[in-house]
Amino acid sequence: MLSGLIIGVLFGILLQRSQFCFVSGFRNIFTQKNFRFPTALCIAISIQSIGFFTLQHYELIELPNGEFSLSATVLGGLLFGFGMASAGCCGSGTWFRSGEGIVGAWLALFSFALTVASAQSGILKHWLAPLLQQNMVTDNFYQKLQINPWWLVISLCLITVLLLIYQIQHPRYQFQDPNKRFKYLSPFTGAALIGMLGVLAWYLSAQTGRNYGYGIAVPTANVIQYIVTGQQRYLNWGSLFVIGIIIGSFVSAKVCADFKLTLPPPDMLFRRLLGGVVMGIGASLAGGCTVTNSLVATAYFSAQGWTATGMILIGVWLSTFIFKTTQCRI
């Protein structure tokens with residue numbers, strides 16, 4: 001299980017050094033017509049996709065294959081997108097932004113963790129469980145299409161290459177301070193490293209009996225459940241992984257002089273807390289947060305992952321339209 005902590009620390013460092021932020025990245029699609037983050041995300045997804053199917057070919061891991069509730073995923077993705085844009089950070093963002101000393105992220109993490117734990121084994125489980133049994137559909141594109149998954153992998157990689165070429169030829173952003181070029185990782189370099197680490201994460205996680213890679217929502221709930229109940233089963237690879245994120249982010253922020261205690265404006269406190277609650281409900285319905293759905297599940301062509309990602313984008317757009325926000329640092 002120690003590998004979970006190590007992978008989490010490395011993941012936290014990469015998130016902090018590349019500022020790999022789903023909120024600002026998705027929001028900039030609508031506010032700036034900027035597709036730099038989706039391009040970076042596709043790089044991470046493509047690398048994981050190659051790695052996952054290679055590991056499965058050699059029977060080192062087993063990719064998920066089952067059913068999911070389409071209606072719950074649509075509603076959950078919409079709620080999660082709206083909640084994360086309102087809170088100013090997504091599931092992984094609550095952890096790595098907390099490591100940077102951003103108090104608003106602490107509030108969002110607190111309410112997000114409590115909500116997901118409640119949905120897992122508390123009062124919300126009674127209300128959400130029936131929704132998760134409705135409109136069940138197959139969660140696998142290549143089996144549904146009856147094609148070799150490598151055709152989808154090749155197609156995804158080609159799209160990623162085209163997006164990357166376009167971004168290189170049409171740069172939309174330059175650091176105002178030349179020193180920042182060396183302080184932060186390029187989003188594309190950061191995404192490539194995150195993708196490679198994601199392949200290793202799944203392999204190491206599978207060695208402990210947890211057949212998945214990066215994951216935030218359920219492991220976050222497990223941290224709360226372990227603190228409250230003390231049951232050893234909640235101290236697992238996933239819970240150590242998310243704890244590692246905040247450690248890695250904190251170390252990275254301190255070393256690079258990015259750590260600073262930052263208080264949100266008083267009128268934003270409630271919105272951070274409420275955003276975390278909405279994210280928690282959304283993640284519980286959609287089968288996970290942006291990391292689980294948009295970063296990992298899309299890589300093995302999960303219909304739930306791609307559906308949730310589309311709805312998260314719509315939720316972000318709705319929140320951006322209502323609140324007119326352009327800044328994710330809270």
message = Quick one, Q120 and V218 - any side-chain contact, counting heavy atoms below 4.5 Å?
response = yes
ask   = For F11 and I194, which heavy atoms make the closest approach, and how far apart are they?
value = CE1-CG2, 3.8 Å
request  = Using atom types as modelled and distance alone, determine if a side-chain donor or acceptor of W95 lies under 3.5 Å from a backbone N or O of V242.
outcome  = no
request  = Check whether any side-chain N or O of Y214 sits under 3.5 Å from a backbone N or O of G8 as a donor-acceptor pair, and report yes or no.
outcome  = no
key: Main-chain N/O of S205 paired to T208 side chain as donor or acceptor, under 3.5 Å   = yes
Q304 and E67: side chain donor to acceptor below 3.5 Å = no
ask   = Strictly by modelled atom types, are T73 and T307 linked by a side-chain donor-acceptor pair under 3.5 Å?
value = no
ask   = Quick one: are R36 and F188 in side-chain contact, heavy atoms under 4.5 Å?
value = yes
task = Give a yes or no answer on whether the side chain of N293 reaches the backbone of G288 with a donor-acceptor pair at less than 3.5 Å.
result = yes
request  = Apply the test side-chain contact (heavy atoms from CB on, under 4.5 Å) to residues L78 and L318: give CA-CA distance (whole Å), side-chain angles for both, the deciding distance (0.1 Å), then the verdict.
outcome  = CA-CA 9 Å; L78 184 65; L318 286 173; 3.8 Å; yes
query = When rounded to the nearest 0.5 angstrom, what is the spacing between CG in L10 and CD1 in I247?
reply = 11.5 Å
key: Check: R272 side chain, S86 main-chain N or O, donor-acceptor pair, under 3.5 Å   = yes
ask   = Given side chains that start at C-beta, do those of T292 and Y212 come closer than 4.5 Å, heavy atoms only?
value = yes
request  = Go through the side-chain N and O atoms of Q225 and S121 and say whether any donor and acceptor fall under 3.5 Å apart.
outcome  = yes
ask   = Under 3.5 Å, side chain of S69 to main-chain N/O of Q134, donor-acceptor pair present?
value = yes
Shortest non-hydrogen contact from V116 toward G280 = CG2-CA, 3.6 Å
query = So which heavy atom on L15 is nearest to which on I245, and how close?
reply = CD1-CG2, 4.3 Å
ask   = Should side-chain heavy atoms under 4.5 Å link Ile, Leu, Val, Met, Phe, Trp and Tyr, which residues sit in the same cluster as L162?
value = none
key: Sequence-distant partners of S92, side-chain hydrogen bond (donor to acceptor under 3.5 Å, both in side chains), two or more places apart   = none
ask   = Transitively linked via ILVMFWY side-chain contacts under 4.5 Å: W127 with F112?
value = no
request  = Please check if atom CH2 in W150 has more than 12 non-hydrogen atoms from other residues, nucleotides or ligands closer than 6.0 Å.
outcome  = yes
inquiry  = Parallel, tilted or perpendicular, judged at 30° and 60°: which one describes the rings of F20 and F22?
reply    = perpendicular
message = With a 6.0 Å cut-off (strictly less than), is the heavy-atom count around CZ of F110, excluding the residue itself, greater than 12?
response = no
query = Linking I/L/V/M/F/W/Y whenever any side-chain heavy atoms sit under 4.5 Å apart, do V291 and M196 land together?
reply = yes
inquiry  = Please find the pair of heavy atoms, one from C157 and one from I50, that lie closest to each other, and give the distance.
reply    = SG-CD1, 3.8 Å
message = So, using side-chain hydrogen bond (donor to acceptor under 3.5 Å, both in side chains) as the criterion, who are the partners of S294 when residues are at least two apart?
response = T309
note = Residue set satisfying side-chain hydrogen bond (donor to acceptor under 3.5 Å, both in side chains) with S284, at least two apart, ordered chain then number -> none
request  = Just do the side-chain hydrogen bond (donor to acceptor under 3.5 Å, both in side chains) check on D139 and Y300 with the steps written out, would you?
outcome  = CA-CA 10 Å; D139 184 25; Y300 60 85; 5.1 Å; no
key: Aromatic plane relationship, W317 with F30 - under 30° parallel, 30 to 60° tilted, over 60° perpendicular   = perpendicular
request  = For the pair I312 and F26, evaluate side-chain contact (heavy atoms from CB on, under 4.5 Å) and give the outcome as yes or no after the intermediate values.
outcome  = CA-CA 9 Å; I312 288 171; F26 282 174; 3.9 Å; yes
request  = Determine, step by step, whether L261 and I102 satisfy the side-chain contact (heavy atoms from CB on, under 4.5 Å) criterion, reporting the C-alpha distance in whole Å, the side-chain angles of both residues, the deciding distance to 0.1 Å, and the verdict.
outcome  = CA-CA 6 Å; L261 285 176; I102 302 176; over 6 Å; no
ask   = Sub-3.5 Å donor-acceptor pair from the side chain of W237 to the main-chain atoms of M1, do we have one?
value = no
request  = Return the minimal non-hydrogen interatomic distance between P64 and N140, and the atom names on each side.
outcome  = O-ND2, 4.2 Å
query = Are side-chain heavy atoms of F37 and S24 found at a separation under 4.5 Å?
reply = no
request  = Say whether, by atom type as modelled, one donor and one acceptor occur between the side chain of Q16 and the main chain of I13 under 3.5 angstrom.
outcome  = no
ask   = Of all residues at least two apart in sequence or in a different chain, which pass the side-chain hydrogen bond (donor to acceptor under 3.5 Å, both in side chains) check with S239?
value = N236
request  = Quick one: name the residues clustered hydrophobically with V161, using the 4.5 Å side-chain heavy-atom rule over I, L, V, M, F, W, Y, and just say none if it's on its own.
outcome  = I165
query = Which heavy atom in H126 sits nearest to a heavy atom in P130, and how many Å separate them?
reply = O-CD, 3.4 Å
ask   = Hey, what do you get for CG (L156) to OG1 (T298), rounding to the nearest 0.5 Å?
value = 8.0 Å
key: Test item: T262 side-chain N/O and K260 main-chain N/O as donor-acceptor pair under 3.5 Å   = yes
ask   = Counting only heavy atoms not in Q231, do more than 12 fall under 6.0 Å of its CD?
value = yes
key: Nearest-0.5 Å distance that lies between atom CG in L75 and atom CG in L70   = 11.0 Å
ask   = Aromatic rings F53 and Y142: how do their planes relate, parallel, tilted or perpendicular, breaks at 30° and 60°?
value = perpendicular
ask   = So F35 and Y166, side-chain contact (heavy atoms from CB on, under 4.5 Å) or not? Walk me through it.
value = CA-CA 10 Å; F35 287 82; Y166 178 83; over 6 Å; no
request  = May I ask you to decide if A299's main-chain N or O and S49's side chain share a donor-acceptor pair within less than 3.5 Å?
outcome  = yes
request  = Scan V316, T94, L79 and name whichever one has a side chain to side chain contact (heavy atoms under 4.5 Å, CB included) with M84.
outcome  = V316
